[in-house]
Amino acid sequence: MTGKGEAAAQHREEEEDGEMVGVVKLISAEGFEFVIDKKAAMVSNTLRNMLTSPGGFAESRDNEVRFPEISTAILEKICQYFYWSLHYASGKETAEFPIEPEITLELMMAANYLDT
(Lines give C-alpha, C1' and ligand atoms only; values in the text may rest on other atoms or scores of the structure.)
Protein backbone atom coordinates (compact mmCIF):
# COMPACT_ATOMS: atom_id res chain seq x y z
CA MET A 1 0.00 0.00 0.00
CA THR A 2 1.36 3.39 -0.93
CA GLY A 3 1.06 6.56 1.07
CA LYS A 4 -0.73 9.67 -0.17
CA GLY A 5 2.50 11.33 -1.27
CA GLU A 6 3.74 8.25 -3.11
CA ALA A 7 0.41 7.78 -4.91
CA ALA A 8 0.39 11.42 -5.98
CA ALA A 9 3.95 11.12 -7.25
CA GLN A 10 2.99 8.08 -9.34
CA HIS A 11 0.33 10.10 -11.15
CA ARG A 12 2.25 13.31 -11.72
CA GLU A 13 3.24 12.35 -15.22
CA GLU A 14 1.65 15.01 -17.39
CA GLU A 15 1.89 13.38 -20.76
CA GLU A 16 2.87 10.11 -22.32
CA ASP A 17 2.78 9.90 -26.12
CA GLY A 18 0.81 13.17 -26.18
CA GLU A 19 -2.03 11.94 -23.96
CA MET A 20 -2.86 12.72 -20.35
CA VAL A 21 -2.12 9.88 -17.96
CA GLY A 22 -2.87 9.23 -14.34
CA VAL A 23 -5.98 9.77 -12.28
CA VAL A 24 -7.83 12.68 -10.69
CA LYS A 25 -9.99 12.61 -7.58
CA LEU A 26 -13.21 14.63 -7.75
CA ILE A 27 -14.90 15.20 -4.40
CA SER A 28 -18.61 16.03 -4.10
CA ALA A 29 -20.29 18.35 -1.61
CA GLU A 30 -21.06 15.34 0.61
CA GLY A 31 -17.43 14.18 0.52
CA PHE A 32 -17.89 11.25 -1.88
CA GLU A 33 -14.74 10.69 -3.95
CA PHE A 34 -14.72 9.80 -7.64
CA VAL A 35 -11.37 8.67 -9.00
CA ILE A 36 -11.36 9.06 -12.78
CA ASP A 37 -8.77 9.00 -15.55
CA LYS A 38 -7.11 12.36 -16.07
CA LYS A 39 -7.90 12.04 -19.78
CA ALA A 40 -11.62 11.86 -18.92
CA ALA A 41 -11.37 14.89 -16.60
CA MET A 42 -9.84 16.90 -19.44
CA VAL A 43 -13.23 16.84 -21.19
CA SER A 44 -14.00 19.76 -18.85
CA ASN A 45 -12.20 22.97 -19.78
CA THR A 46 -12.48 24.13 -16.17
CA LEU A 47 -10.83 20.98 -14.84
CA ARG A 48 -8.22 21.15 -17.61
CA ASN A 49 -7.29 24.67 -16.48
CA MET A 50 -7.26 23.71 -12.79
CA LEU A 51 -5.06 20.67 -13.36
CA THR A 52 -2.60 22.06 -15.90
CA SER A 53 -2.13 25.70 -14.87
CA PRO A 54 1.36 26.74 -13.86
CA GLY A 55 1.79 28.22 -10.42
CA GLY A 56 1.57 25.23 -8.10
CA PHE A 57 -2.15 25.30 -7.43
CA ALA A 58 -3.35 22.63 -4.99
CA GLU A 59 -5.53 20.97 -7.66
CA SER A 60 -2.63 20.43 -10.05
CA ARG A 61 -0.25 19.44 -7.25
CA ASP A 62 -2.60 16.94 -5.57
CA ASN A 63 -4.69 15.85 -8.60
CA GLU A 64 -7.72 16.42 -6.40
CA VAL A 65 -10.62 18.83 -6.94
CA ARG A 66 -13.33 19.58 -4.38
CA PHE A 67 -16.80 20.69 -5.46
CA PRO A 68 -18.61 22.06 -2.38
CA GLU A 69 -21.62 23.05 -4.52
CA ILE A 70 -22.04 19.83 -6.56
CA SER A 71 -23.95 16.92 -5.04
CA THR A 72 -22.79 13.31 -5.27
CA ALA A 73 -25.56 12.32 -7.70
CA ILE A 74 -24.74 15.19 -10.07
CA LEU A 75 -20.97 14.64 -9.88
CA GLU A 76 -21.51 10.95 -10.63
CA LYS A 77 -23.53 11.87 -13.74
CA ILE A 78 -20.82 14.31 -14.80
CA CYS A 79 -18.17 11.59 -14.49
CA GLN A 80 -20.35 9.31 -16.61
CA TYR A 81 -20.59 12.09 -19.19
CA PHE A 82 -16.81 12.52 -19.30
CA TYR A 83 -16.36 8.86 -20.25
CA TRP A 84 -19.33 8.96 -22.65
CA SER A 85 -17.81 12.01 -24.35
CA LEU A 86 -14.42 10.30 -24.74
CA HIS A 87 -16.07 7.22 -26.25
CA TYR A 88 -18.16 9.14 -28.78
CA ALA A 89 -15.70 11.99 -29.50
CA SER A 90 -14.56 10.47 -32.79
CA GLY A 91 -18.04 10.89 -34.26
CA LYS A 92 -17.90 7.49 -35.95
CA GLU A 93 -20.78 6.32 -33.82
CA THR A 94 -23.30 8.24 -31.79
CA ALA A 95 -25.58 7.61 -28.87
CA GLU A 96 -27.77 9.82 -26.77
CA PHE A 97 -26.50 10.59 -23.27
CA PRO A 98 -29.31 9.69 -20.86
CA ILE A 99 -30.36 12.43 -18.44
CA GLU A 100 -33.16 11.96 -15.94
CA PRO A 101 -35.60 14.91 -16.09
CA GLU A 102 -35.50 15.50 -12.34
CA ILE A 103 -31.75 16.32 -12.37
CA THR A 104 -31.68 18.37 -15.58
CA LEU A 105 -31.48 21.84 -14.03
CA GLU A 106 -28.84 20.97 -11.44
CA LEU A 107 -26.84 19.06 -14.06
CA MET A 108 -26.97 21.99 -16.50
CA MET A 109 -25.69 24.38 -13.84
CA ALA A 110 -22.79 22.05 -12.98
CA ALA A 111 -21.99 21.48 -16.67
CA ASN A 112 -21.95 25.23 -17.22
CA TYR A 113 -19.51 25.72 -14.34
CA LEU A 114 -17.29 22.90 -15.60
CA ASP A 115 -17.49 24.17 -19.19
CA THR A 116 -18.33 20.76 -20.64
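Numbers for residues simply follow the sequence, beginning at 1.
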With rounding to the nearest 0.5 Å, note down the distance linking [atom1] in [X] to [atom2] in [Y].
X     : Y     : atom1 : atom2 : result
Glu64 : Met50 : CD    : CE    : 12.5 Å
Lys92 : His87 : NZ    : NE2   : 11.5 Å
Glu59 : Leu26 : CD    : CG    : 11.0 Å

Same cluster (ILVMFWY, side-chain, under 4.5 Å), [X] and [Y]:
X     : Y     : answer
Phe97 : Tyr88 : yes
Ile36 : Ile74 : yes
Met42 : Phe34 : yes

Near [X] [atom1], under 6.0 Å, is it more than 12 heavy atoms from other residues, nucleotides or ligands?
X      : atom1 : value
Glu102 : CD    : yes
Glu69  : CD    : no
Tyr113 : OH    : no

Query - Whether Asn49 side chain and Asn45 backbone form a donor-acceptor pair below 3.5 Å - result: yes
Just wondering, do [Y] and [X] contact through their side chains at under 4.5 Å, heavy atoms?
X     : Y      : answer
Val23 : Asn63  : no
Leu47 : Phe82  : yes
Arg48 : Asp115 : no
Phe67 : Leu75  : yes
Ser85 : Thr116 : no
Lys77 : Ser71  : no
Tyr83 : Val43  : no
Tyr81 : Ile99  : no

Give me the atom names and distance for the closest heavy-atom approach of [X] to [Y].
X      : Y     : value
Ala95  : Trp84 : O-CZ2, 2.7 Å
Ser60  : Ser53 : OG-O, 4.0 Å
Leu114 : Ser44 : O-OG, 2.5 Å

